[in-house]
Amino acid sequence: MRAAPNPNGPWHIGHARMPAVIGSYKERYDGSFIVRFDDTDPETKRPDLDAYDAILDDIDYLGFEPDDVIIASDRLETYYEHARNLIDAGGAYTCSCSGETFSDLKNSGEACPHRDKDVETTMEEFEAMIDGEYSAGEMVLRVRTDIEHKNPALRDWVAFRMIDTPHPRDEAAAYRCWPMLDFQSGVDDHLTGVTHIIRGIDLQDSAKRQQFVYDYFDWEYPEVIHWGHVQVDAYDVKLSTSTLKEKIEAGELDGWDDPRAPTLKSLRRRGIRGEAVVEALTALGTSTSNVDLSMSSIYAENRELVDDEAERYFLVRDGERFEVAGGPDAGHPPLHPDHEERGERTIPATDGVVLEADDVPAEGERVWLKGYACVRREGDDLVATDDGIDVVRSGDVDVVHWAPAEDVVDVRMRSPDGDVTGVAEPDFADTAVDDVVQFERIGFARVDEHGAEESVVYWTHP
RNA sequence: GCUCCGUUGGUGUAGUCCGGCCAAUCAUCUUGCCCUCUCACGGCAAGGACCAGGGUUCGAAUCCCUGACGGAGCACCA
C-alpha cells in the first residue's frame, strides 16, 4: 500500500490517518508501505522543498518506517514511456482545445475535432510537448475513454499538460510536460505493485478514470476504498495546510508547532506520542462518510501511555499569597502516588504560600495543602490545625495544590487556548526538557525549556 | 443540471455481504458511587443509537422502493 502525499507542508492531524491505517495493515498482513510524493504540479500545487523531509519526519514521529520512498517528479521519463505506449494502443490523442471549449463539448457528449487524429500525428505532437515546444494551455494529451459516458467526469480526461513554471526541485526543473494525478498515480500504483489503495472521497472517480488506462495496458486494477474527510474538534483553525500556512505567515500562529495549530508537530511538542495519534486515528476505521475525531480520544490513548511515568508537581496559576503559621517547614508530597520509591518533593512553607483563587478558603474555613497539613484561614494567614488526614477522608476538607511564595519557578504554559502563567514548586526545576509531568489537578504538560526568565511547558491534556 | 456515495448513542466503531444468536458490541464521553492527601490512575454502576415511510418475510439495523438529510465529482489541482 502507499501513502501519496502532496508535499505542500507539514502534516496536520488528519494526514496521519493514512500512515496510521496503512502502517497497522502492513503489520497485520505483512505488507509493504510505500511513500510516494505526488508532486506533479509545479504551479498551482507548487511543492514546498522543505515539506518532503517534514512529512517523512512526521511519519517517523508516528512510529513508522516506510519500505520505500519515491518521488513522482523523478519519474517523468517513465510516465512519458507509458504515454507513448498508450498512444500506440490508440488510447490517447493530443488536443489543442481550450479548457472551456472542450468542457462545453464534453458536457453535451460531443467529441472534439482532435479525437480522430491518427497515431502518428498524436505521437509527433506529444513528443513536441515533451520537448517543450508548446506553452501552457496550448496542447494536452487526453485519454480516449467514452465521450458519451453517462458520468461527464470520466469523458476523455487530460493525462498530460504543459506547465511553464519550472519545478522547484532541481532534478525536475527542466520538464515542462507534466502528467495529471490520475495518469501518474495510476501508472505508479501498477508499477510499484500496489495491491490496495485507500483514498479520499474527493477521488472517487479516479479509479473509474484510471480503469480506462488499465484496460489499454491489460493491467489489473488494485482494490480501492474511499474514505471521508476527518474533522477534529477542539480547534478553531481549519484542518488545511494552506490555511495554516497563511496563518503562520500572517503571524497569527508562531509556527507549525504552535500549540494552537492542529498539526502533528504541535502534538509532538505537547508531549503527545505518535502511538496515541495512530491508535485514535485507526479507530476511526475507513468509512466513506465524513468523521469527527475528538481530541479526547487521542488524549485518552496518550494518558494511558504517559500517566505511569509522569512525575507530579504543583503549578499555581494567578496565586493569592498567604502566610502560614504553626505548621511544619515544608511539605513532602510524593513524585508519583503509585511509585513511592521514586521519592518525594520538598516544598518550603516558611516564607508563605500561594493558592489558586478558586482554592482560597473563606474566612474561618479549612483546606488541606496537599503533602503538608490542614490549615484554617484567618485573614491573610493560614493557620495550621491539628486535624488528621481523616478530615480529608471524610470529605469535610478539600485537598488543594499550592506553591511557596518565594523561590519558585516561573512557568509559562502554552496550550491550544493560549498561554497561562504561574509558579511551580522549586523541585520542578529538576525536570528535564522533554519530560512529561503532571501538574496535579491541572493536567499533563511537556517540559519545553528551562529558561533564565521562566520555564516553558506545553499543555498536553487533562 | 448530470453522475457517484453515504446515514447505528455527544463522538468513533462492531453488526449489514450470507435476515433470526442484536430488547444492538466496544472505546471515548457525561453522571453517580468506591479508592485516593489530584478533578490523574484504578474499580463499580448508570445514561445514550439502528434517518423517515412503505414493501417482502413467520421474522428486517440487515433485503427492495420512495423520500429527507449529508458528502463528493463533472479542472490543462492534488
Side-chain angles (χ1 to χ4, degrees), chain A residues 4-8 37-41 43-47 72 95-100 102-103 106-109 134 136-142 149-155 157-163 177-182 184-185 199-206 208-209 226 228-233 241 279-301 303-304 306-308 310 312 314 331 333-334 336-338 368-374 388-393 397-401 438-444 461-462:
Chain A
N6 169 26
N8 64 344
F37 290 102
D38 283 353
D39 57 345
T40 56
D41 185 346
E43 196 165 280
T44 55
K45 293 275 168 142
R46 187 167 180 78
C95 170
S96 54
C97 291
S98 74
E100 200 177 327
F102 187 84
S103 179
K106 178 201 67 181
N107 286 331
S108 55
Y134 300 103
E138 289 182 353
M139 188 68 79
V140 299
L141 183 74
R142 291 186 183 280
H149 196 286
K150 66 175 182 174
N151 184 348
L154 307 188
R155 297 170 186 166
W157 46 274
V158 173
F160 286 82
R161 82 295 208 191
M162 304 301 298
I163 294 177
C177 175
W178 287 90
M180 298 286 288
L181 173 76
D182 280 322
Q184 172 266 125
S185 172
R199 55 165 69 113
I201 44 174
D202 47 329
L203 263 24
Q204 20 181 8
D205 291 330
S206 278
K208 292 171 188 165
R209 284 206 189 99
H226 300 277
H229 300 292
V230 184
Q231 294 295 321
V232 182
D233 66 359
T241 305
E279 287 298 319
L281 252 4
T282 305
L284 293 182
T286 58
S287 84
T288 55
S289 34
N290 293 344
V291 294
D292 293 331
L293 170 70
S294 12
M295 284 305 293
S296 61
S297 66
I298 292 183
Y299 294 164
E301 297 287 353
R303 194 179 296 116
E304 199 172 311
V306 301
D307 183 66
D308 195 61
R312 268 57 173 172
F314 291 160
H336 195 295
D338 302 333
W368 189 286
L369 302 185
K370 185 168 180 179
Y372 183 71
C374 185
I389 193 61
D390 51 305
V391 297
V392 170
R393 292 192 175 130
V397 175
D398 290 332
V399 175
V400 303
H401 61 285
Q438 186 200 61
F439 288 124
E440 295 196 55
R441 305 212 302 140
I442 294 173
F444 294 84
H461 47 64

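Only this structure's heavy atoms are used, side chains among them; waters, hydrogens and symmetry mates stay out.
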side-chain N/O A:Lys150 vs B:rC4 OP1/OP2, d < 4.0 Å: yes

side-chain N/O A:Arg393 vs B:rC37 OP1/OP2, d < 4.0 Å: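 So the side-chain polar atoms of A:Arg393 do come within 4.0 Å of the phosphate oxygens OP1 or OP2 of B:rC37, strictly under.
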
Measuring from [X]:[atom1] to [Y]:[atom2], what's the distance to the nearest 0.5 Å?
| X | Y | atom1 | atom2 | result |
| --- | --- | --- | --- | --- |
| A:His226 | A:Ser206 | NE2 | OG | 7.5 Å |
| A:Ile442 | A:His401 | CD1 | NE2 | 4.0 Å |
| A:Ile163 | A:Thr40 | CD1 | OG1 | 7.5 Å |

Say you pick atom [atom1] in [N] and the same atom in [M]; how far apart are they, in whole Å?
| N | M | atom1 | answer |
| --- | --- | --- | --- |
| B:rC69 | B:rU30 | C1' | 27 Å |
| B:rG54 | B:rG12 | C1' | 32 Å |
| B:rU57 | B:rC44 | P | 47 Å |
| B:rU8 | B:rU16 | C1' | 11 Å |

Got a sec, which residues hit side-chain contact (heavy atoms from CB on, under 4.5 Å) with A:Glu279, two or more places apart in sequence or on another chain? A:Glu301

What does the B/S/- profile of nucleotides 9-18 of chain B look like, 5' to 3', with a 4.0 Å heavy-atom cutoff to protein? --SSS-----

Protein-to-nucleotide contact annotation, 5' to 3' order, nucleotides 73-78 of chain B [B base; S sugar-phosphate only; - none; under 4.0 Å, heavy atom]: BBSBBB

Run through RNA chain B and report every stem of 3 or more consecutive Watson-Crick or G-U pairs, distances under 3.5 Å, ordered by first number. B:1-7 with B:68-74, B:10-12 with B:26-28, B:29-34 with B:42-47, B:51-55 with B:63-67

N/O donor-acceptor pair, side chain A:Gln438 with base B:rU38, under 3.5 angstrom: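 Indeed there is one.
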
Are A:Asp307 and A:Arg312 ion-paired here, with the side-chain N under 4.0 Å from a carboxylate O? yes

A:Tyr134: which residues meet the ring pair (Phe, Tyr, Trp, His ring centres under 6.0 Å) condition with it, sequence neighbours left out?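 With neighbours one apart ignored, the set is empty.
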
Who passes ring pair (Phe, Tyr, Trp, His ring centres under 6.0 Å) against A:His461, sequence neighbours left out? A:Tyr299, A:Phe444

List the atom of A:Phe439, the atom of A:Phe314, and the distance in Å for their closest heavy-atom pair.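 Scanning both residues, the minimum pair turns out to be CD2-C, 4.0 Å.
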
Hey, mind stepping through A:Asp182 and A:Lys208 against salt bridge (Lys or Arg N to Asp or Glu O under 4.0 Å) and telling me if it holds? CA-CA 10 Å; A:Asp182 280 322; A:Lys208 292 171 188 165; over 6 Å; no

Could you check whether A:Lys370 gets within reach of a base, just the sugar-phosphate, or nothing at all, counting any heavy atom under 4.0 Å? base

